[in-house]
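All ligand and atom numbering here is 1-based and tracks the order in the structure. Residue numbers count from 1 along this sequence.
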Amino acid sequence: MQNELSGPRFEKQIERRDFLGLAAVWTFFGTIIAAIIGALKLPMPSVFPETDSRFPIGRPEEFPVGEAIHLSSRQLWVFSEENGIAAVSMVCTHLGCLVKRQDNDEFICPCHGAKFDSAGKVLSGPPPRGLAWLEITLGPDGRLIVDSEREVSAETRFKI
Ligand code: FES
């Protein structure tokens, strides 16, 4: 004889205590899985460095003689003088903060108070060496190219 009280409506319902127990177990495993995924992603950089250290900064005529131009997007100061153009990195050689150029042409690092002279040499503070002067070349399209991985002496100028 078939039971007349069958069907999903009459199946035994899960008790609240069982439901809370299952919810705790699933939350535990969900947390563990999320932690494992996070730990596996940790060694991978979330921001990839620029693949090319060379980048254009503009045409030579954009740097009139006697001007010092701050290229904040490239973290550079570009100096154009009678004897050529030079570019100095604004990245402090201590821990990588961005230095600021003062009215007296010196550079100050806001992080640990380092001071650099107008040629980028360390005057005071913890940096192990002076600011990096970067190589400038002329690209095939007539724009000046700075290579952030090729340092030159502070006296080097790119002659146009
Ligand atoms: S980062 Fe510039 S002095 Fe420390």
Practice item. May I ask you to decide if Asp147's main-chain N or O and Ser53's side chain share a donor-acceptor pair within less than 3.5 Å? Key: no
Review point. Ignoring hydrogens and geometry, is there a side-chain-to-backbone donor-acceptor pair from Thr27 to Ala23 under 3.5 Å?
Key: yes
Study note, to complete from the structure: Residue pairs passing the disulfide (SG to SG under 2.5 Å) test with at least one member in residues 119-160, sequence neighbours excluded, are none
Review point. Going by the angle between their ring planes, with limits at 30° and 60°, are Trp26 and Phe29 parallel, tilted or perpendicular?
Key: perpendicular
Study note, to complete from the structure: Less than 4.0 Å from some atom of ligand 1, heavy atoms are found in residues Cys92, His94, Leu95, Cys97, Cys109, Cys111, His112, Ala114, Pro126
Review point. Quick check: are there more than 12 heavy atoms from other residues, nucleotides or ligands sitting under 6.0 Å from CD of Glu61?
Key: yes
Review point. Can Arg150 be said to sit on top of Trp133's aromatic six-ring, NZ or CZ under 6.0 Å from centre and within 45° of the ring axis?
Key: no
